[in-house]
> 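Can you keep this structure in mind? I'll have questions shortly.
Predicted model only: the values in this text are computed from it and were never measured.
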Amino acid sequence: MAAQASFSIDGPAGPRPVTLAYERTGTGEPLLLLHGIGHHWQAWEPVLQILAAERDVIAVDLPGFGTSPALPEGLTYGLSSVVPVLDAFCRALGVERPHVAGNSLGGLLALELGREKRVRSVTALSPAGFWTQAERRYAFGTLLAMRQGARRLPLPLVERLSRSAAGRAALTGTIYARPGRRSPEAVVAETLALRHATGFRETLDAGRSVLFRDDVPEIPVTVAWGTRDRILVRRQGIRAKGVLPGARLVRLPGCGHVPMNDDPALVARVILDTSR
């Protein structure tokens with residue numbers, strides 16, 4: 001059962017209460033893990049124990065995702081609200097300037113935390129924000145279709161599909177290159193997480209005008225891209241390297257958009273190498 005942290009954030013109408021759910025394990029320097037849109041902290045489960053052997057790992061459900069409640073009225077789902085929320089969350093846990101690794105939306109948030117010097121290092125796995133408008137429209141259309149599917153499928157059908165490799169591929173093949181490796185229980189849980197994500201629409205709307213244009217100097221940054229990413233195509237990694245000239249660009253062979261499940265050992269090594 002994930003723990004919860006509650007704290008206050010300044011909004012236009014004064015301080016507002018925010019609560020985030022998280023899982024914390026391991027010892028060492030702190031490492032914050034940020035999932036993508038519609039997912040939950042369990043996206044990191046395949047790498048959690050590898051990382052926990054060397055890091056104090058904090059995997060959080062972003063606001064309005066997993067079991068974290070929606071943001072209170074007056075706070076938006078844009079970077080200008082969510083980044084301070086994550087910073088306040090870390091401080092509520094007694095953590096200052098953790099290392100951070102993020103996937104997709106989480107990768108964009110990780111880079112923004114790095115740009116604002118709130119973290120020690122950044123590992124961004126297929127981060128959002130390096131798209132052309134056509135690539136963004138394609139990605140958002142794919143995500144909306146996944147969300148619609150998750151909301152329409154009856155739970156007994158999701159459970160039945162999850163019990164076969166072909167069914168798991170039908171449910172999660174858009175984000176994983178090797179969906180058969182995901183357990184039936186995990187596939188059901190993440191389908192329900194996508195179905196019930198209260199922050200999905202607002203987060204997607206906030207991302208329509210997002211382009212990451214600034215360098216993140218003075219801290220270690222790695223941008224890693226799966227060669228089989230079907231949502232954010234890998235040429236966006238080359239674009240990211242142009243924006244972040246000091247970053248290490250890493251290819252993740254055979255990995256999809258959420259690479260932690262496809263090659264846990266490789267992804268964990270990339271994160272640990274960046275956070276040395």
Side-chain angles (χ1 to χ4, degrees), residues 22-36 39 41-60 86 90 95-130 175-178 181 212 214-229 232 234-276:
Y22 67 96
E23 178 75 10
R24 188 172 189 177
T25 184
T27 56
E29 292 188 354
L31 169 65
L32 178 67
L33 301 179
L34 307 175
H35 62 76
H39 227 145
W41 73 258
Q42 290 90 338
W44 297 97
E45 278 184 327
V47 298
L48 213 57
Q49 293 311 310
I50 307 173
L51 297 173
E54 300 186 40
R55 298 287 180 271
D56 171 14
V57 182
I58 304 158
V60 64
L86 293 172
C90 289
V95 171
E96 282 194 39
R97 295 192 72 233
H99 302 283
V100 62
N103 173 224
S104 194
L105 165 65
L108 171 64
L109 290 166
L111 287 167
E112 186 67 14
L113 285 162
R115 191 184 69 80
E116 295 191 6
K117 304 293 188 289
R118 300 182 193 232
V119 293
R120 306 182 203 187
S121 71
V122 174
T123 306
L125 309 172
S126 297
F130 297 99
I175 60 171
Y176 299 126
R178 301 179 176 109
R181 292 185 177 182
F212 197 87
D214 297 324
D215 194 9
V216 180
E218 299 171 20
I219 63 170
V221 175
T222 295
V223 174
W225 230 284
T227 60
R228 295 173 63 189
D229 193 325
L232 299 179
R234 60 178 176 169
R235 61 175 169 266
Q236 294 172 37
I238 305 298
R239 223 172 276 139
K241 176 66 174 171
V243 174
L244 306 158
R248 179 175 65 134
L249 179 60
V250 176
R251 183 172 166 269
L252 303 174
C255 288
H257 183 61
V258 182
M260 300 84 80
N261 178 74
D262 291 326
D263 196 334
L266 174 58
V267 170
R269 188 165 73 243
V270 169
I271 294 171
L272 291 171
D273 285 350
T274 308
S275 59
R276 294 289 176 209

> Please report the interatomic distance CD1(Ile175) to OG(Ser104), rounded to the nearest 0.5 Å.
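Interatomic distance, Ile175 CD1 to Ser104 OG, rounded to 0.5 Å: 9.5 Å.
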> Are the side chains of Val223 and Leu244 in touch, meaning some heavy atoms are under 4.5 Å apart?
yes
> So do Ser121 and Ile219 actually touch side chain to side chain, heavy atoms under 4.5 Å?
no
> Report yes if some heavy atom in the side chain of Cys90 is under 4.5 Å from a heavy atom in the side chain of Leu32; otherwise report no.
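Contact flag for Cys90/Leu32 side chains = yes.
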> Arg115: what forms a side chain to side chain contact (heavy atoms under 4.5 Å, CB included) with it, not counting sequence neighbours?
Glu112, Phe212, Asp214, Val216
> Per the side chain to side chain contact (heavy atoms under 4.5 Å, CB included) rule, which among Val95, Leu34, Leu33 passes with Ile58?
Val95
> Is it the case that atom CD in Glu116 sees more than 12 heavy atoms from other parts of the structure closer than 6.0 Å?
yes
> Any luck finding a side-chain donor-acceptor pair between Thr27 and Asp56 under 3.5 Å?
no
> Can you see which heavy atom on Ala43 is nearest to which on His35, and at what distance?
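Here Ala43 and His35 meet closest at CB-CB, 4.4 Å.
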> What is the minimum heavy-atom distance between Ser126 and Leu232, and which atoms define it?
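Result for this residue pair: O-CD1, 3.4 Å.
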> Output the distance between atom OG1 (Thr25) and atom CG (Leu51), rounded to the nearest 0.5 Å.
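Interatomic distance, Thr25 OG1 to Leu51 CG, rounded to 0.5 Å: 10.5 Å.
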> To the closest 0.5 Å, what do you measure between CD1 (Ile271) and NE2 (His99)?
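It is 12.0 Å, given to the nearest 0.5 Å.
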> CG of Asp263 to SG of Cys255: how many Å apart, nearest 0.5 Å?
5.0 Å
> Before you tell me yes or no, could you show the steps for Asn103 and Met260 under side chain to side chain contact (heavy atoms under 4.5 Å, CB included), namely the whole-Å CA-CA distance, both residues' side-chain angles and the distance that decides it to 0.1 Å?
CA-CA 9 Å; Asn103 173 224; Met260 300 84 80; 4.0 Å; yes
> Go through the steps for Leu48 and Val57 under the test side chain to side chain contact (heavy atoms under 4.5 Å, CB included), then give the verdict.
CA-CA 7 Å; Leu48 213 57; Val57 182; 3.7 Å; yes
> Evaluate the side-chain proximity of Asn261 to Trp44: yes if any heavy-atom separation is below 4.5 Å, no if none is.
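SC-SC contact between Trp44 and Asn261 ruled out.
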> Is any side-chain heavy atom of Thr123 closer than 4.5 Å to one of Val100?
no
> Looking at Gly254 and Ala177, what are the two nearest heavy atoms and their distance?
O-CB, 3.2 Å
> Got a salt bridge between Asp262 and Arg181, using NZ or NE/NH1/NH2 to carboxylate O under 4.0 Å?
no
> Test side chain to side chain contact (heavy atoms under 4.5 Å, CB included) on Arg251 and Arg234 and set out the steps.
CA-CA 9 Å; Arg251 183 172 166 269; Arg234 60 178 176 169; 3.9 Å; yes
> One thing to verify: whether Arg97 and Glu29 come together as a salt bridge, which I'm taking to mean a side-chain N less than 4.0 angstrom from a carboxylate O.
no
> Below 4.5 Å, heavy atoms only, C-beta onward: do Trp225 and Pro127 meet side chain to side chain?
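Of all side-chain heavy-atom pairs linking Pro127 with Trp225, at least one is under 4.5 Å.
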> Should Val270 and Thr222 be marked as a side chain to side chain contact (heavy atoms under 4.5 Å, CB included) after you check the CA-CA gap, both sets of side-chain angles, and the distance that decides it?
CA-CA 8 Å; Val270 169; Thr222 295; 3.8 Å; yes
> Report yes if some heavy atom in the side chain of Val267 is under 4.5 Å from a heavy atom in the side chain of Leu125; otherwise report no.
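A side-chain contact exists here, since the closest heavy-atom pair is under 4.5 Å.
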> If you take all heavy atoms of Ala110 and Gly102, which pair is closest and at what distance?
CB-N, 4.1 Å
> Side chains of Ser275 and Arg120 only: does a donor on one sit below 3.5 Å from an acceptor on the other?
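The answer is no; no qualifying pair exists.
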> Specify the closest pair of heavy atoms between Gly107 and Ala124, including all atoms of both residues, with the distance to one decimal.
O-CB, 3.9 Å
> Drop me the distance from Arg269's CZ to Leu266's CG, to the nearest 0.5 angstrom.
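Separation between the atoms: 5.5 Å.
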> Contact between Val221 and Arg248 at the side-chain level, heavy atoms closer than 4.5 Å - yes or no?
no
> How many angstroms lie between atom CZ of Arg24 and atom CH2 of Trp41, to the nearest 0.5 angstrom?
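That separation rounds to 14.0 Å.
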